[in-house]
Amino acid sequence: MAHISSGCTVTNLFTLPCQGEELAALYITYQQGGRTVLEKTLADCALEGSTARVDLSQEDTLRFEARNGPVRIQLRLRTTQGAALKSRVLTALPDELLKEGVI
């Protein structure tokens, strides 16, 4: 299981099943404690080949609290040809944060 650093700037890299220029829509959903706490879209990503990079800000990662358990992450996409695909659910454990808030 991966870790995610709460209160830090984090870059997530995802390997896509197609080239970036073939995407019509992309959603990256982050859930914790049974609810969606963050969602990024195609507009939030930098694409290079079949890799999507999404940068999470301090504000984004402060939403992930260690006491709420693992963060579940899933990608859903639609290609320009109309195929709708999803990833398996990925999990990451947020780490403990002693000094809260944006610095």
Side-chain angles (χ1 to χ4, degrees):
M1 186 175 301
H3 287 10
I4 194 161
S5 294
S6 298
C8 296
T9 54
V10 173
T11 299
N12 290 162
L13 298 173
F14 300 101
T15 301
L16 304 170
C18 62
Q19 296 296 306
E21 61 269 8
E22 297 173 46
L23 290 179
L26 174 65
Y27 296 92
I28 305 170
T29 304
Y30 296 81
Q31 287 187 347
Q32 191 179 33
R35 66 179 186 87
T36 298
V37 295
L38 182 64
E39 189 162 77
K40 297 293 185 173
T41 66
L42 182 57
D44 299 312
C45 296
L47 302 172
E48 185 173 319
S50 62
T51 300
R53 185 187 83 227
V54 61
D55 296 319
L56 303 182
S57 67
Q58 287 184 65
E59 293 88 352
D60 291 336
T61 62
L62 282 167
R63 296 178 185 194
F64 308 133
E65 298 181 22
R67 70 175 179 259
N68 292 335
V71 176
R72 296 165 39 94
I73 306 163
Q74 186 175 51
L75 283 72
R76 290 195 63 206
L77 63 90
R78 183 173 40 83
T79 68
T80 55
Q81 298 299 311
L85 306 166
K86 67 175 181 166
S87 72
R88 64 183 172 85
V89 175
L90 310 167
T91 56
L93 285 176
D95 55 9
E96 190 175 10
L97 182 64
L98 299 180
K99 169 72 175 140
E100 294 186 14
V102 174
I103 57 171

How long is the gap from CG on L93 to OG on S5, to the nearest 0.5 Å?
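It comes to 11.5 Å.
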At what distance, to the nearest 0.5 angstrom, does CG of L56 lie from CD1 of I4?
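Output value for this atom pair is 5.5 Å.
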Determine which pairs satisfy ring-ring contact (aromatic ring centres under 6.0 Å, His included) with at least one residue from [range], sequence neighbours left out, and list them in order.
range: residues 80-103; answer: none
range: residues 82-103; answer: none
range: residues 39-62; answer: none
range: residues 74-95; answer: none

With sequence neighbours left out, what residues match R72 under salt bridge (Lys or Arg N to Asp or Glu O under 4.0 Å)?
none
Quick one: list whatever passes salt bridge (Lys or Arg N to Asp or Glu O under 4.0 Å) with D44, sequence neighbours left out.
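None.
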Test side chain to side chain contact (heavy atoms under 4.5 Å, CB included) applied to N68 and V37, step by step
CA-CA 11 Å; N68 292 335; V37 295; over 6 Å; no
Under 3.5 Å: donor-acceptor pair, side chain of Q58, backbone of I103
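It does hold such a pair.
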Short question: side chain of D95, backbone of S6 - any donor-acceptor pair under 3.5 Å?
yes
Could you go through residues 22-33 and list every donor-acceptor pair under 3.5 Å that involves a side-chain atom there, pairing it with any protein atom two or more places apart or in another chain?
from : atom 1 : to  : atom 2 : distance (Å)
T29  : OG1    : E39 : OE2    : 2.6
Y30  : OH     : N12 : OD1    : 2.7
Q31  : NE2    : T36 : OG1    : 3.3
Q32  : OE1    : E65 : N      : 3.2
Q32  : NE2    : E65 : O      : 2.9
Q32  : NE2    : G69 : O      : 2.6

So L16 and L85, side chain to side chain contact (heavy atoms under 4.5 Å, CB included) or not? Walk me through it.
CA-CA 10 Å; L16 304 170; L85 306 166; over 6 Å; no
Can you pull out every side-chain hydrogen bond (donor to acceptor under 3.5 Å, both in side chains) where at least one residue sits in residues 76-87? Sequence neighbours excluded, please.
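Residue pairs with at least one partner in residues 76-87: there are none.
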Please, which pairs that meet salt bridge (Lys or Arg N to Asp or Glu O under 4.0 Å) have at least one residue in residues 55-64, sequence neighbours excluded?
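For residues 55-64, and leaving out neighbouring residues, the salt bridge (Lys or Arg N to Asp or Glu O under 4.0 Å) pairs sorted by first residue read K40-D60, R53-D55.
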Flag if over 12 foreign heavy atoms under 6.0 Å of CD, Q74:
yes
Tracing side-chain links under 4.5 Å among I, L, V, M, F, W and Y, which residues wind up in one group with L13?
none
List, by chain and then residue number, the residues other than L98 in its hydrophobic cluster (Ile/Leu/Val/Met/Phe/Trp/Tyr, side-chain heavy atoms under 4.5 Å); write none if there are no others.
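Under the 4.5 Å side-chain rule, L98 groups with nothing.
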